[in-house]
Amino acid sequence: MTTVVTDNCERCRFTDCVTVCPVACFHGDDLMLYIDPILCIDCGACVTKCPVEAIYEDPIPEDKQRWIDINATRAPRLPSIKKKQEPYPGAEERRRALGF
Amino acid sequence: MQETKEQAVAGKYTSPQVLPPWSGIRRVAREEYYTSGHRTCQGCESAQMMRLLAKAAGPRTIVLTATGCMYVANTTYYTTPWVLPWIHTQLGSAGSGATGTAAGLRALMRKGKLEQEPINVIAVCGDGGGADMGLSAISAALQHTKYNFLVLMYDNESYANTDIQTSGSSPYGVNTSFSPPGKLHRIMHEQWKKNTAPMLAVGHPDCRYVATVVSTNAVDTMNKVRRALSIGGPTFIHCLNPCPKGWDYDPKYSHEIGELAVETGVWPLYEIEDGKLKMYGKSQHIANGLLKRKPVSEYLLRQGRFAHLNDEDIALIQARTDAMWEKWAVPGVIAFAKA
């Protein structure tokens, strides 16, 4: 299962994705969210929900490959996020800066 | 030229189907081979397991069902949900039925009476037909390494079809029609659940694949079935199926109860392939210490069959579950430790 959250989520953290995840596989720290690959069923519901297009699914682009490991190692050690939360302060500005 | 026995064993007659795992829910086949027409209870997870099993195995499959819920409720006079060829075998003969069917197919193909192609053979039995009566037949079947088949045991922890009698798979303290709690004796069933999957894995070194699944975990469950069918030789899968009637809870909670069984550590998910044990799903996180197990009371108190337990009983079950993960030689799987 390879659906990963990548760098666009950093300092955005809109958490729209967790509202559609059927298996609650999102975990997060203060900065961004991560997907636990052991629990993810690769349904792809979160991919279109992300306002900054931070979530990629198979095939993962070459420059995002490192996020597979990052998601797999960090997610299980962080608390599970099941409900929508306030975005990171300044998330709207970052979103505009990213061009979305 | 007539093929020798050895060539036949190694040759095309016995090669299993190649069923690669589905990498996600969207890659799962849309065809259903277990459809409407059954009379199982509302919220029946065993029926869900049959659906996943048929979907994972695909169209070129023969299913045998030993007597049990999935025989009686599925094939009441002229009604059946099976789109696949289906055979009833006697209670306790799932293993022998599977061996015979696989041997029969091979013989027909060798004689040219059947087109040569790999056909899945799946024998399904309940916990009564598998862990109690059929254990010897399954054990014998797992020794027949030249035939390809899967024995799937769906475990609702009682003889649910004949009104919830205690089986070898029933957990400690459970209220069944054979063990009703009374004023004098609160706990009438004092045995602990039989640990069937590791017993068969340890005792049959030639059996290449043994797994435990829970049907609430659909993608993993189907992938385990596909692996068991592709690996070759006899294989065994043990599936825990919450049963609204036997476990006494509202049918809409079937999925949650299955999840809780895994999250509380009562039901570990693992596969043993060629002697290598691998935990998966939430059990993998529990085994690695990344996920804290929920207290077993969350699982037990959701079910009417445990309503008579007091705090002492729940503490005892919690202690046994803790020991299973903290003291067993192989946590969650094998109980021995060096003396």
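Numbers restart at 1 for each chain; the letters A, B, ... are given by sequence-line order, proteins then strands.
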Query raised in the report: Around atom CG of A/D63, are there more than 12 heavy atoms of other residues, nucleotides or ligands at under 6.0 Å?
Result: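 Yes - once you tally the heavy atoms of other residues, nucleotides and ligands closer than 6.0 Å, there are more than 12.
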Query raised in the report: Within a radius of less than 6.0 Å around NZ of A/K49, do more than 12 heavy atoms belonging to other residues, nucleotides or ligands occur?
Result: no
Query raised in the report: How far does CG of B/L269 sit from CD1 of A/I38, to the nearest 0.5 angstrom?
Result: 11.5 Å
Query raised in the report: Which residues from residues 77-96 of chain A are near chain B, with near meaning under 4.5 Å between non-hydrogen atoms?
Result: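 Only A/R77 of residues 77-96 of chain A have a heavy atom under 4.5 Å from chain B.
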Which heavy atom in [X] sits nearest to a heavy atom in [Y], and how many Å separate them?
| X | Y | result |
| --- | --- | --- |
| A/L39 | B/G281 | CD2-C, 4.2 Å |
| B/R26 | A/G44 | NH2-CA, 3.9 Å |
| B/R27 | A/D42 | NH1-OD2, 3.3 Å |

Query raised in the report: What part of A/D58 lies closer than 4.5 angstrom to a heavy atom of chain B: side chain, backbone, both or neither?
Result: both
Query raised in the report: Does the side chain of B/E259 reach to within under 4.5 Å of the side chain of A/V23, using non-hydrogen atoms?
Result: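 B/E259 does not reach A/V23 side chain to side chain.
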